[in-house]
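Throughout, protein chains are lettered first and strands after them, A, B, ... in sequence-line order, and every chain is numbered starting at 1.
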Number of protein chains: 2
Amino acid sequence: MRKKGKSREKQANVEASLRVSPAVINRLPRYFRYLRELIRIGRLRISSSELSELMNVTASQIRQDLNCFGGFGQQGYGYNVKYLYGKISEILGVTQNYKAIIVGTGNLGRALATNAMFENRGVTLTALFDIDPTIVGKRIGKFEVEHIDKLDEYCTQNQVDIAVITVPRDSAKETAEQLARLGVKGLWNFTNIEFDLSGTRTKVQNVHLGDSLMTLCYNICAEDNRIAAEQRMQSADNQSEQYED
Amino acid sequence: MRKKGKSREKQANVEASLRVSPAVINRLPRYFRYLRELIRIGRLRISSSELSELMNVTASQIRQDLNCFGGFGQQGYGYNVKYLYGKISEILGVTQNYKAIIVGTGNLGRALATNAMFENRGVTLTALFDIDPTIVGKRIGKFEVEHIDKLDEYCTQNQVDIAVITVPRDSAKETAEQLARLGVKGLWNFTNIEFDLSGTRTKVQNVHLGDSLMTLCYNICAEDNRIAAEQRMQSADNQSEQYED
DNA sequence: TAGATTGTTAATCGATTAACAATC
DNA sequence: TAGATTGTTAATCGATTAACAATC
């Protein structure tokens, strides 16, 4: 059972949004993912040490992270999986029912438009926009693509919290600034360029797929180098063995 | 002109792949991106302080980061843009001409298959695989989709450095382990689950789009809370003003 | 040469881990 | 109550920034 009265929840943190370190914030979605999986397999409770083994992090880090937002656990018991999942969902804004649009219905935009990811995370897609007249009017999933000229009107008349930006790089900056002007709260940026929206309240989350691919390439390349170095060592050893007898 | 003889390049680091901190590695692709842009606009040289302004980081960090790999600059001059770009490209493995395949040609797989990102970063796509018989044999971009049953044979007979994993979550673990067994050097994972390939030399780079969306939602939600708090403060101020006179 | 800017060391800052008292 | 496990403080570790001597 949950403790009631003398709850230690850091209400201050949640309410006044006292700055939580970016390192912690970036780990929250991963907790969310693991907790959902635990619910799926029917787990009712979990201790920080069990979860730490599952997630390959320290139990200390888990307790520290969760405590930025409140005392969600119980001494001697651990964490109630569903309760914790609910709390993290709240913190992540899953319960806010944010509305999103996709701007740019190229291959990537279309792929996202039909992806269950949004609804699985409490975000509702409401419209798609494109500039290409041969695409405008076509159906993608349950939407009819609208012309980008309608963007201003749409954003003024409907709640738009998030805009997914999947336009070509040349129109990206302009589009981003337009959306920020229209008061869209967050941009999910799939283009290669970065936006400077300081001076607005609009948040930007960059995906930069190319950077991710490059990081992978670096790690592969570094491993290749290590393997080559190992082999050089080995053959050097063999050489000296030959001389030894 | 580049200095020659008494070069200070950390050859040791590049050759023996002395561990570079993950924080630095994750920043490299961003340098790569900005340098490419500088080349595009015809810049020949740049100082760390100029670049720092452009990228919104400290000059100190830039010099520190680059020096993990060698002395690529010149006192009193700065960095030669093309030379530095070449060096970072090398470090990131762009010059290795890695070969990649895409496993899973759903919406996301198809979007990636026709994306210029790979060739722009020195990676060559060579084949696509899927399990769905209605898709196998169809053309996507310049490829004909092959059946996943051919994966073993293909990987044995061709160099496959990178596999892009865009399969449904239920077949993800199995697919990843198969690819690791086949000696694929790196997995670019677009599924929601994580792989444990410790004990293999295969590197995994997770994209986790859902996590990225959640981080954006957190930041929006936190900002919403801050705005609400501000407004409460404001109305409290107004209240006390009323009482003041 | 004088001015500029790097490479590098030392100082600071922030994030992670360890330890343990509080408490369920 | 005794055992378990959290919440939290203190210690450690790593990453960032500042400063400056080296040098182009």
Side-chain angles (χ1 to χ4, degrees), chain A residues 1-14 18-28 30-31 43-81 83-84 87-88, chain B residues 1-14 18-28 30-31 43-81 83-84 87-88:
Chain A
M1 298 302 94
R2 300 292 317 148
K3 65 195 170 214
K4 303 235 173 60
K6 50 174 174 170
S7 156
R8 292 228 195 117
E9 301 197 8
K10 311 264 151 49
Q11 228 25 54
N13 240 1
V14 178
L18 206 122
R19 225 44 100 148
V20 177
S21 103
V24 175
I25 293 167
N26 284 316
R27 282 193 292 268
L28 289 179
R30 192 158 179 259
Y31 292 126
R43 273 299 289 270
L44 295 180
R45 52 176 261 194
I46 195 156
S47 69
S48 58
S49 71
E50 248 180 315
L51 189 55
S52 80
E53 240 169 274
L54 214 59
M55 295 183 66
N56 252 305
V57 295
T58 64
S60 208
Q61 180 166 79
I62 292 174
R63 294 202 299 277
Q64 194 81 279
D65 283 356
L66 297 180
N67 255 83
C68 294
F69 302 97
F72 298 149
Q74 210 165 116
Q75 280 101 328
Y77 172 89
Y79 299 88
N80 176 299
V81 174
Y83 177 80
L84 184 57
K87 281 297 178 187
I88 290 185
Chain B
M1 296 305 93
R2 298 294 315 148
K3 66 196 172 216
K4 304 234 173 61
K6 49 175 176 171
S7 155
R8 292 227 196 118
E9 300 197 7
K10 310 265 153 48
Q11 230 20 55
N13 241 0
V14 177
L18 206 122
R19 225 44 102 149
V20 177
S21 103
V24 175
I25 294 167
N26 284 316
R27 282 193 293 267
L28 289 179
R30 193 157 178 259
Y31 292 127
R43 273 300 288 271
L44 295 180
R45 52 176 261 195
I46 195 157
S47 70
S48 59
S49 71
E50 249 180 314
L51 189 56
S52 80
E53 240 168 274
L54 214 60
M55 296 183 64
N56 252 306
V57 295
T58 63
S60 207
Q61 180 167 80
I62 292 175
R63 293 202 299 276
Q64 194 82 279
D65 283 356
L66 297 179
N67 254 85
C68 294
F69 301 97
F72 298 149
Q74 210 164 116
Q75 280 101 329
Y77 171 90
Y79 298 88
N80 176 299
V81 174
Y83 177 79
L84 184 56
K87 280 298 178 187
I88 291 185

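- Atom CG in A:N26 sits about 17 Å away from atom P in C:dG14, given to the nearest Å.
- With contacts defined as side-chain heavy-atom distances shorter than 4.5 Å, the pair A:R45/A:Q74 does not qualify.
- Taking only side-chain nitrogens and oxygens, A:S48 comes nearer than 4.0 Å to OP1 or OP2 of D:dT6.
- Comparing atom distances between the B:Q61 side chain and each of C:dC24, C:dT5, D:dT16 picks out D:dT16 as nearest.
- For B:P22, the side-chain atoms get nearest to D:dA15 when compared with the rest of C:dC24, D:dT17, D:dA15.
- Which of D:dA15, C:dG7, D:dT6 sits closest to the side chain of A:R63 comes down to D:dT6.
- Shown here for B:T58 and B:S52, the closest heavy-atom pair between the two residues is C-CB, 3.7 Å.
- Between A:I88 and A:L66 there is a side-chain heavy-atom pair separated by less than 4.5 Å.
- Between A:R43 and A:E50 the shortest side-chain heavy-atom distance falls below 4.5 Å.
- Rounded to a whole Å, the CD1 atom of B:I25 is 10 Å from the P atom of D:dA15.
- As rounded to whole Å, 16 Å separates atom P of D:dT17 from atom CG of B:N67.
- Phosphate contact (OP1/OP2 of C:dT17, side-chain N/O of A:T58, threshold under 4.0 Å): present.
- Between the P atom of D:dT8 and the CD atom of A:Q74 lies a distance of 14 Å, rounded to the nearest Å.
- A donor N or O paired with an acceptor N or O is found under 3.5 Å between the base of C:dT17 and the side-chain atoms of A:Q64.
- Scanning atom types as modelled, no donor and acceptor separated by under 3.5 angstrom connect the side chain of B:S21 and the base of D:dA15.
- Note on A:Y79: a side-chain N or O is less than 4.0 Å away from OP1 or OP2 of D:dG7.
- Partner assigned to C:dA10 is D:dT17, using Watson-Crick or G-U wobble distances below 3.5 angstrom.
- Atom CG of A:L54 has more than 12 neighbouring heavy atoms from other residues, nucleotides or ligands inside a 6.0 Å radius.
- Rounded to whole Å, atom C1' of D:dT6 lies 14 Å from atom CD of A:E50.
- Across every strand in view, C:dA22 sits in a pair with D:dT5 that passes the Watson-Crick or G-U test at under 3.5 angstrom.
- Of the listed nucleotides (C:dT6, D:dG7, D:dT16), D:dT16 has the atom at the smallest distance from the side chain of B:R27.
- Rounded to an integer number of Å, the gap from CD of B:E53 to P of C:dT5 is 12 Å.
- Between the C1' atom of C:dT6 and the NZ atom of B:K87 lies a distance of 17 Å, rounded to the nearest Å.
- Comparing D:dT6, C:dT6, D:dT16 by their closest approach to the side chain of B:A23 singles out D:dT16.
- Nucleotides of DNA chain C nearest to A:V57 and B:A59 differ in position, and the one nearer the 5' end is that of B:A59.
- A:M55 places its CE atom 13 Å from the P atom of C:dT16, with the value rounded to the nearest Å.
- Side-chain contact check for B:V20 versus B:F69: some heavy-atom pair is nearer than 4.5 Å.
- Position along DNA chain D of the nearest nucleotide to A:G76 versus B:G76 favours A:G76 as the more 5'-ward residue.
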